[in-house]
Structure formats: C-alpha cells, structure tokens
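Scroll down for the structure; my scribbles are underneath it.
Only heavy atoms go into these numbers, but all of them, side chains included; no hydrogens, no water, no symmetry mates. What you see is a predicted model; the values in this text were computed from it and never measured.
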Amino acid sequence: MAGVALKLSAPLRFLKLRSLSRLSSGPSLRFHTAGSPVMGATVEQFEQAKNKMSTLKNDPGNEAKLKIYALFKQDEARQQYCDFIGSLVAAEGGTSASLAAEPAGGGATYETLLVTTEDKITTIKLNRPAKKNAITTEMYNDIIAALDQAAKDDSVITVITGAGDFYCSGNDLSNFTKIPEGGLQEMAKKGGDLLRSYVKAYIDFPKPLVAVVNGPAVGISVTVMGLFDLVYATDRATFHTPFSQLGQSAEGCSSYTFPKIMGIAKASEMLLFNKKLSAEQACELGLVSEVFPDSSFQTEVWSRLKKYAQLPPNSLALSKQLIRSVEKQRLHDVNDAEVERLMERWTSDECFQAVMSFFQNKAKL
C-alpha cells in the first residue's frame with residue numbers, strides 16, 4: 001500500500017465492505033460437537049482436483065503430500081481436498097477456479113468465485129485463497145451478480161463462505177492503484193456507488209442467507225453480517241472492523257445493525273475502537289449464531305444446512321420477508337448515509353494521514 005501513497009490510499013477501505021451480522025436478538029453461546037459426514041464438494045469437483053494435481057510445476061513438499069494423501073483417503077474430506085489443491089495451484093500463480101463444477105441451470109461462471117448449486121443449496125465461495133480472499137473490484141461485481149443469480153435459481157438457501165484458511169481479509173489494496181482521470185473525487189464516487197450496490201444486494205436478497213465463516217473475517221466481510229439470516233463460525237474465526245484506525249467510518253449497515261444486535265457499548269468497541277472478537281465472543285454478543293469446533297466444522301454445518309434446504313421454500317422466503325420487511329427501508333437509508341459519510345472520509349486529510357501512519361507502522365514490523 002506504500003505504492004498507493006498519494007492521497008489515493010485515503011480511500012483505502014472504501015470498498016472494504018464489512019462483514020455481515022444478523023438483525024436477530026437474544027445472543028446465546030452454543031457449541032456443537034457431534035455430526036454426521038457430509039461432502040461439501042461434488043464428485044466432479046473432486047475429480048477435477050485430482051487431475052489438477054498433475055499440473056503443479058513444483059514439488060509441494062512432504063508435509064503437503066502427506067496432507068493430500070490423508071484427505072484423498074477420506075471421503076468425507078472431499079471439500080478440504082479440493083480447497084487444498086486449489087490453494088497450491090493458486091500459490092503458483094494459477095487459479096483454482098478451474099476446479100469448479102458448472103453452475104446448475106447453466107448459470108454464469110466467475111473468475112474470483114466458485115458458485116455451485118447442490119442439494120438445493122447455492123454456495124458462493126470466495127476463491128482467492130492465496131490472497132486470503134481479499135476482495136477486488138471485480139470480485140465485488142461478481143458477488144453482486146452471483147447473489148442476483150442465486151435469488152432467481154431453484155435453490156432454497158444461499159451460503160457464502162471462503163476457500164482456504166480465511167473467510168475474507170477485507171479489501172484488496174490493488175483496488176487503489178488505479179486513479180481515474182477525475183482524481184480522488186471520482187475514485188470516491190465510484191467506490192461509493194459500488195459499495196452502495198454491494199450492500200443493497202444483501203438487503204434485498206429474498207432467500208435465507210447463511211455465512212459459513214471458515215476462518216478470520218475482516219472489514220466489509222464482517223460489517224454485512226447483520227444482513228445474514230444465520231452466521232455459523234469455526235472456533236478459530238475472528239471478527240475485526242478496523243475503521244477508526246484508518247480514519248474511516250462504518251459501512252455495510254453496521255452502524256445500525258451492530259448496536260441493535262449487541263448494544264451500543266459493545267458495538268462501539270468494534271466500530272470505534274477496533275476491537276477484534278473471537279468466535280466465542282461474537283457468538284455471545286449475537287453476531288454469530290453458533291460456533292463449531294474447527295475439526296468438525298464443515299461436516300456439522302453442511303449436514304445441518306442440507307436439512308434446512310428440505311424445508312418448504314416459499315414458507316422460508318415469505319417468513320424472511322415478514323421478519324425483514326419492517327427494517328428494509330431503514331437499512332437502505334442507513335446504507336445511503338454510511339456511503340455518503342465514507343465518500344467524505346476517503347477524501348479527507350485525516351483519513352490520508354491515518355492510512356499513511358498505519359502503513360508506516362506496518363513497515364517497521
């Protein structure tokens with residue numbers, strides 16, 4: 001980000017949409033342990049992953065090969081096998097997107113996402129594991145399109161998750177390396193328009209929306225979590241929204257949803273004072289629905305989601321509409337207000353100085 005020095009780094013987080021939190025109240029900490037095996041990857045994806053192994057240019061090393069062999073021998077680890085091979089390919093400069101099965105119904109394919117429909121569940125997987133699933137401008141547009149596709153397909157519920165060890169590390173800094181001819185003001189306007197559309201896609205999504213948080217979550221990936229209907233997290237997940245540290249302000253409707261979910265005092269610790277939450281803390285505060293041991297996370301969560309997907313789809317969609325309709329216009333108004341404030345922040349000297357200070361301190365480490 002040092003290369004983004006000019007005032008360009010000021011908008012550093014303008015796309016750093018924060019992760020989603022739920023509007024439901026009544027936080028309760030629940031840990032789950034036992035579960036039945038379930039396979040998150042299709043047979044086609046598994047076969048493609050095996051074929052992709054032969055394309056690796058470099059020996060991944062004995063430790064990696066042992067892990068590959070162990071995952072290959074366990075049918076229930078099929079999804080982990082696909083993810084691990086994808087991360088090895090991505091580390092060599094390739095893309096694990098080629099491991100994706102064709103989306104159901106002849107839907108679109110995406111460079112930065114794996115979007116599949118199976119067992120009445122549409123899964124949108126952030127697929128940049130080598131970059132900790134940092135969100136690029138292209139990726140924002142892909143997610144908006146994928147949500148629109150999922151809203152119209154035959155699935156019952158929609159899941160967002162991440163490939164590899166991270167759920168999402170927030171905004172990719174490469175978003176800020178291209179200053180348009182209109183300068184910083186035009187960059188802020190374009191960033192604001194994209195952010196508004198991105199958050200709107202979550203507010204308006206008609207089906208049950210579930211976050212399967214498979215690792216650390218930062219920034220926009222956290223702030224929008226208040227717009228999800230369920231948030232399931234592994235016990236090694238963390239939740240961080242470092243706004244004021246970068247001279248910026250809340251987004252993803254979190255200025256409204258976080259105080260509603262966890263109370264003003266706790267929301268302020270996150271949104272004003274950059275407090276990072278563990279999965280257990282996030283669950284206690286109501287941001288997360290339930291925490292699972294990492295060793296059984298995928299198995300337990302997908303087993304449960306498959307059961308949920310057997311419920312009557314119209315009943316689910318209409319019930320969600322009843323729950324959310326009272327808040328919908330309020331959320332759109334909050335989204336607009338947050339975007340306007342961020343556009344001002346991105347062009348301010350204070351934001352610029354905070355961003356520069358952050359990267360100077362990081363460079364000293």
Side-chain angles (χ1 to χ4, degrees), residues 1-21 128 131-137 139-140 166-180 183-196 198-199 216-226 238-259 266-277 282 287 334-335 337-365:
M1 183 62 172
V4 189
L6 320 170
K7 246 178 166 178
L8 147 67
S9 18
L12 159 67
R13 272 201 6 64
F14 78 109
L15 288 181
K16 228 176 164 196
L17 320 162
R18 300 290 171 201
S19 55
L20 326 154
S21 157
R128 301 183 71 220
K131 297 294 184 180
K132 300 180 180 178
N133 297 321
I135 304 179
T136 62
T137 300
M139 202 167 176
Y140 282 118
F166 258 69
Y167 177 70
C168 177
S169 59
N171 194 55
D172 191 306
L173 301 186
S174 67
N175 294 335
F176 307 100
T177 60
K178 299 176 184 178
I179 306 178
L184 192 58
Q185 293 293 335
E186 182 180 344
M187 173 178 276
K189 183 181 185 306
K190 287 183 176 180
D193 289 343
L194 181 58
L195 175 56
R196 182 182 285 107
Y198 182 79
V199 176
V218 180
I220 187 65
S221 67
V222 177
T223 53
V224 291
M225 284 184 181
T238 55
F239 301 82
H240 192 205
T241 55
F243 293 124
S244 60
Q245 185 177 3
L246 297 172
Q248 299 180 49
S249 54
E251 95 273 271
C253 293
S254 60
S255 64
Y256 176 71
T257 59
F258 279 27
K266 291 299 183 181
S268 295
E269 281 191 310
M270 284 195 75
L271 299 178
L272 302 185
F273 303 112
N274 313 301
K275 181 175 181 178
K276 181 189 293 185
L277 299 182
L287 184 64
V334 170
N335 185 27
E338 287 179 343
V339 168
E340 290 302 315
R341 176 55 61 206
L342 274 169
M343 289 171 62
E344 177 273 322
R345 290 280 77 211
W346 296 332
T347 58
S348 70
D349 288 337
E350 183 180 66
C351 179
F352 173 69
Q353 294 299 330
V355 170
M356 288 299 94
S357 176
F358 172 77
F359 282 101
Q360 287 169 1
N361 291 335
K362 190 174 181 180
K364 294 175 183 177
L365 298 178

Looking only at non-hydrogen atoms, find the nearest pair between [X] and [Y] and report the distance.
{"X": "Leu184", "Y": "Trp346", "result": "CD2-O, 4.0 Å"}
{"X": "Pro259", "Y": "Ala267", "result": "N-CB, 3.6 Å"}
{"X": "Ala217", "Y": "Tyr167", "result": "CB-CD2, 3.7 Å"}
{"X": "Ser249", "Y": "Leu342", "result": "O-CD2, 3.4 Å"}
{"X": "Pro216", "Y": "Thr238", "result": "CB-OG1, 3.5 Å"}
{"X": "Cys253", "Y": "Val199", "result": "SG-CG1, 3.9 Å"}

*If you measure from the Lys or Arg side-chain nitrogens to the Asp or Glu carboxylate oxygens, is any gap between Glu338 and Arg341 under 4.0 Å?*
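Salt bridge flag = no for Arg341 with Glu338.
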Say you draw a straight line from [atom1] of [X] to [atom2] of [Y]; how long is it, rounded to the nearest 0.5 Å?
{"X": "Ser244", "Y": "Leu272", "atom1": "OG", "atom2": "CG", "answer": "6.5 Å"}
{"X": "Leu287", "Y": "Met270", "atom1": "CG", "atom2": "CE", "answer": "6.0 Å"}
{"X": "Ser348", "Y": "Glu344", "atom1": "OG", "atom2": "CD", "answer": "5.5 Å"}
{"X": "Cys168", "Y": "Lys132", "atom1": "SG", "atom2": "NZ", "answer": "12.0 Å"}
{"X": "Met139", "Y": "Asn171", "atom1": "CE", "atom2": "CG", "answer": "11.0 Å"}
{"X": "Met187", "Y": "Thr347", "atom1": "CE", "atom2": "OG1", "answer": "12.0 Å"}

Looking at Glu340, Glu350, Gln248, which one forms a side chain to side chain donor-acceptor pair (under 3.5 Å) with Arg345?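 It is Glu350; the other options fail the test.
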### Message
Is a donor from one side chain sitting under 3.5 angstrom from an acceptor on the other, for Asn274 and Thr241?
### Response
no
inquiry  = Would you say that Val334 contacts Ser254 through its side chain, given a criterion of any heavy-atom pair below 4.5 Å between the two side chains?
reply    = no
Taking side chain as C-beta onward, heavy atoms only, is Ile135 less than 4.5 Å from Asp172? no
For a side chain to side chain contact (heavy atoms under 4.5 Å, CB included) check, start with the C-alpha distance between Asn133 and Ser169, then their side-chain angles and the critical distance, and finish with the verdict. CA-CA 6 Å; Asn133 297 321; Ser169 59; 5.8 Å; no
The side-chain contact (heavy atoms from CB on, under 4.5 Å) partners of Asp193 (sequence neighbours excluded) come to Lys189, Arg196
*Criterion side chain to side chain contact (heavy atoms under 4.5 Å, CB included) on Tyr198 and Val339, from CA distance to verdict*: CA-CA 11 Å; Tyr198 182 79; Val339 168; over 6 Å; no
